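Following: one structure in structure tokens, then a few remarks.
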Amino acid sequence: MKPLKKYSWCVSQDDTHPSAQAMLYGAGLKEEDFAKPFVGVASTGFEGNPCNMHLNGLAADIRDNLNQSGSVGLVFHTIGVSDGISMGTPGMRSSLPSREVIADSIELMVNAHSYDGVVTVVGCDKNMPGALMAMIRLNRPAIMMYGGTIAPGMHNGKQLNIVSTFEAWGEKIAGKMDENEYKEIIRKACPGPGACGGMYTANTIASAIEAMGMMLPYSSSNPAVSAQKKLEPKQVAEVMNGLLAKDLKPLDIITKKSFENAFTLVIALGGSTNAVLHLLAIAKTADIDFTMKDMEEISNRTPYLADLKPSGKFLMEDLHNIGGIPAVMKYLMDNGLIDGSCLTVTGKTIAENLADVPTLADGQHILNDLDNPIKTSGHIRILYGNLSEKGAVAKITGKEGEKFTGPARVFDGEYATNDAIGKGEVKKGDVVVIRYEGPKGGPGMPEMLKPTAAIMGAGLGTDVALITDGRFSGGTHGFVVGHITPEAQEGGLIALLKDGDIITIDAVTNTLNVDLTAEEIEKRRKNWTAPSLKVSRGALYKYAMTVSDASHGCITDSIK
């Protein structure tokens with residue numbers, strides 16, 4: 001066994017495995033290749049989604065650069081699911097489970113073919129956490145490359161992004177936009193390759209993983225269509241060879257401090273609530289004790305600084321133009337908010353990586369100073385109360401206010417909610433309740449961008465709150481609470497709510513409560529029975545039977 005071929009020697013150099021060597025010859029390897037380390041290049045590329053449509057090309061470039069620099073790069077593929085395409089449809093229930101399939105398939109492929117290391121090439125929301133979970137499970141030299149953010153669309157001098165289309169739908173049903181204008185926005189919102197352009201889930205998780213040290217500096221903020229992104233495959237190949245030489249593995253890099261850095265960056269940037277779900281899952285995979293309580297503490301002490309969409313003005317490409325994620329990390333590190341001593345895939349610490357990084361551009365208006373934050377504490381609030389005994393996740397920037405009390409308007413599922421919003425049945429002051437959309441009840445814990453965007457488009461963003469045991473897109477803004485645990489399917493109090501119940505969301509005391517007596521709750525509980533699961537076979541049934549709750553990251557690979 002050679003030091004660089006910890007795993008692949010058994011298929012390429014062990015004489016007792018002639019069939020493996022015959023197949024490798026058949027796949028095009030030459031005699032001299034058999035002594036080189038084998039690196040799997042896992043691409044989540046597919047043609048049907050802007051986030052992923054260019055990833056196979058990047059994977060091929062990485063493979064070619066590996067082959068030119070002393071390794072054997074071997075491309076394989078796994079699935080991706082577009083949240084933007086599946087949003088508001090039954091397909092959305094397949095999105096979160098796809099994270100587990102991505103993790104499982106990369107793990108299985110690398111193990112089965114005895115690769116010495118792995119590069120993952122990722123684009124859309126579930127690609128990144130799924131790939132990182134696999135990299136951690138395998139714990140052999142590994143690096144992630146992000147496909148980059150999409151360029152903004154333009155219409156009448158205004159920047160567009162994917163959320164613009166849902167908000168346009170809300171304006172259309174409110175009578176504020178005609179059909180022609182609506183169609184124009186749809187046609188122009190996504191002008192080419194790249195992940196959804198704001199600080200939505202893909203850009204949030206990419207930024208977090210860069211902060212964790214598992215991507216090259218700038219990978220998360222270099223746009224998909226940019227000169228910098230074209231240079232990354234060569235850099236990734238060079239770093240991958242260095243990881244092999246040093247035998248530097250994910251669990252040598254990722255620590256609790258890494259998670260703290262990642263979530264601090266998420267808070268400063270105003271990132272997606274999905275970061276909570278995915279970082280919990282990644283931490284569980286790494287067997288690192290990083291919990292919702294840790295996130296609550298970080299959110300309480302970290303100011304929200306970045307004026308990025310969905311609640312702000314700017315897109316990820318704008319952030320790239322003022323210095324990108326490394327410049328933001330340098331600002332946070334210089335002000336004592338992140339730990340620069342953490343190791344990264346470069347073999348250097350964060351502080352060493354950032355030593356020569358330029359500071360944020362002079363005169364920039366995207367990242368506020370610490371003495372003038374958008375909000376003095378984080379926008380992601382972990383709420384507890386009788387409605388969320390095991391926790392819920394709110395995304396409250398302060399622009400909506402910090403407390404909301406109103407009567408419940410209860411819906412058993414997203415589709416009924418969308419119909420009611422479309423008919424104008426949701427009124428000012430309502431707390432919209434969407435239940436039976438959790439990891440088991442969905443199943444698959446679908447995102448709720450369609451109803452929240454419709455509420456914003458209808459001009460009700462500061463007048464209506466929405467709570468759910470499902471989750472929200474990174475594009476969601478408004479007074480919203482998701483991840484309510486226990487979920488309705490498992491008998492959480494959300495299952496017992498009725499129209500008119502008075503609900504209070506308080507982002508100062510971090511509580512979520514309904515004004516019901518213990519006696520009334522017990523009476524309702526006696527009259528409640530869990531509905532049958534919506535599926536009885538297939539991938540979603542298997543998911544519902546094995547998934548943990550949202551407060552534990554919705555993972556499927558640990559014994560409860």
Side-chain angles (χ1 to χ4, degrees), residues 4 8 24 27-30 32-33 36-80 102 105-106 109-110 113 115-124 127-128 130-132 134-135 140-151 192-195 202-203 206 209-210 214-245 316-317 320 324-326 344-347:
L4 295 182
S8 64
L24 291 168
L29 269 66
K30 306 262 191 312
E32 59 269 23
D33 293 329
K36 299 174 183 176
F38 288 2
V39 178
V41 182
S43 173
T44 58
F46 67 101
E47 293 179 346
N49 184 27
C51 309
N52 300 72
M53 61 189 284
H54 60 306
L55 300 185
N56 287 342
L58 293 173
D61 289 345
I62 293 168
R63 175 202 62 207
D64 293 347
N65 278 282
L66 285 166
N67 291 345
Q68 292 162 17
S69 59
S71 297
V72 175
L74 297 160
V75 174
F76 66 95
H77 300 89
T78 184
I79 67 165
I102 290 164
S105 59
I106 293 173
M109 186 68 179
V110 172
H113 285 252
Y115 294 148
D116 301 297
V118 60
V119 179
T120 58
V121 188
V122 293
C124 199
N127 302 175
M128 285 157 284
L132 185 54
M135 292 154 74
R140 56 190 75 179
I143 184 172
M144 182 180 292
M145 179 179 169
Y146 182 45
T149 189
I150 196 170
N203 285 329
I209 292 174
E210 182 175 322
M214 290 303 298
M215 282 185 193
L216 290 178
Y218 295 102
S219 187
S220 67
S221 50
N222 284 339
V225 181
S226 68
Q228 296 93 334
K229 189 58 67 178
K230 290 179 182 176
L231 297 174
E232 278 188 52
K234 186 174 189 294
Q235 297 165 346
V236 165
E238 290 170 354
V239 169
M240 185 69 235
N241 285 329
L243 291 168
L244 288 164
M316 188 61 142
E317 187 175 89
H320 161 74
I325 291 302
T344 74
V345 287
T346 66

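On a predicted model such as this, the values are computed, not experimentally measured, just so you know. Throughout, residue positions are numbered sequentially from 1 according to the sequence presented.
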Self-check item: More than 12 heavy atoms from other groups under 6.0 Å of CD on Glu32
Solution: yes

Exercise. With Asn127 as reference, evaluate Thr120, Asn52, Thr78 under the side-chain hydrogen bond (donor to acceptor under 3.5 Å, both in side chains) test and give the passing residue.
Key: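 Going through Thr120, Asn52, Thr78 one by one, the side-chain hydrogen bond (donor to acceptor under 3.5 Å, both in side chains) with Asn127 is satisfied by Asn52 alone.
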
Which atom pair, heavy atoms only, marks the closest approach of [X] to [Y]?
X      : Y      : result
Ser226 : Pro223 : OG-O, 2.7 Å
Thr44  : Gly123 : OG1-N, 3.8 Å
Ala59  : Val75  : O-CG2, 3.9 Å
Ala195 : Cys51  : CA-SG, 3.6 Å
Gly147 : Lys229 : O-CE, 3.8 Å
Pro326 : Ser221 : CD-OG, 4.1 Å

If we ignore hydrogens and angles and just use 3.5 Å, is the side chain of [X] paired with the main-chain N or O of [Y] as donor and acceptor?
X      : Y      : result
Glu317 : Ile150 : no
Asp116 : Leu244 : no
Glu210 : Ser220 : yes

Quiz item: How far apart are the C-alpha atoms of Val41 and Val121, what are their side-chain angles, what is the distance that settles it, and do they pass the side chain to side chain contact (heavy atoms under 4.5 Å, CB included) test?
Solution: CA-CA 7 Å; Val41 182; Val121 188; 4.0 Å; yes

Quiz item: Between Asn203 and Tyr146, is a side-chain hydrogen bond (donor to acceptor under 3.5 Å, both in side chains) present by the stated rule, with each step listed?
Solution: CA-CA 9 Å; Asn203 285 329; Tyr146 182 45; 2.7 Å; yes

Spacing of [atom1] belonging to [X] relative to [atom2] belonging to [Y], to within rounding of 0.5 Å:
X      : Y      : atom1 : atom2 : result
Ile209 : Met135 : CD1   : CE    : 8.0 Å
Asp61  : His54  : CG    : NE2   : 11.0 Å
Leu216 : Gln228 : CG    : CD    : 13.5 Å
Ile62  : Asn67  : CD1   : CG    : 12.0 Å
Met214 : Thr344 : CE    : OG1   : 9.5 Å
Met240 : Gln235 : CE    : CD    : 15.5 Å

Quiz item: Under the side chain to side chain contact (heavy atoms under 4.5 Å, CB included) criterion, do Tyr218 and His320 qualify, and how do the steps go?
Solution: CA-CA 8 Å; Tyr218 295 102; His320 161 74; 5.8 Å; no

Quiz item: So do the side chains of Phe76 and Val110 get within less than 4.5 Å of each other, counting heavy atoms only?
Solution: yes

Quiz prompt | Residue of the set Ser43, Pro233, Pro193 for which side chain to side chain contact (heavy atoms under 4.5 Å, CB included) holds with Leu58 | solution = Pro233

Exercise. Begin from the C-alpha positions of Val72 and Lys30 and carry the test side chain to side chain contact (heavy atoms under 4.5 Å, CB included) through to its verdict.
Key: CA-CA 10 Å; Val72 175; Lys30 306 262 191 312; over 6 Å; no

Exercise. Decide side chain to side chain contact (heavy atoms under 4.5 Å, CB included) for Leu74 and His113; before the verdict, give the C-alpha distance in whole Å, the side-chain angles of both, and the deciding distance to 0.1 Å.
Key: CA-CA 10 Å; Leu74 297 160; His113 285 252; over 6 Å; no

Practice problem: Using a strict cut-off of less than 4.0 Å between a Lys/Arg side-chain nitrogen and an Asp/Glu carboxylate oxygen, indicate whether Asp33 and Lys36 qualify as a salt bridge. | Solution: yes

Practice problem: Classify the side-chain pair Glu232/Ser219 by whether it contains a donor and acceptor separated by less than 3.5 Å. | Solution: yes

Practice problem: With sequence neighbours excluded, tell me which residues meet side chain to side chain donor-acceptor pair (under 3.5 Å) with His77. | Solution: Asn56

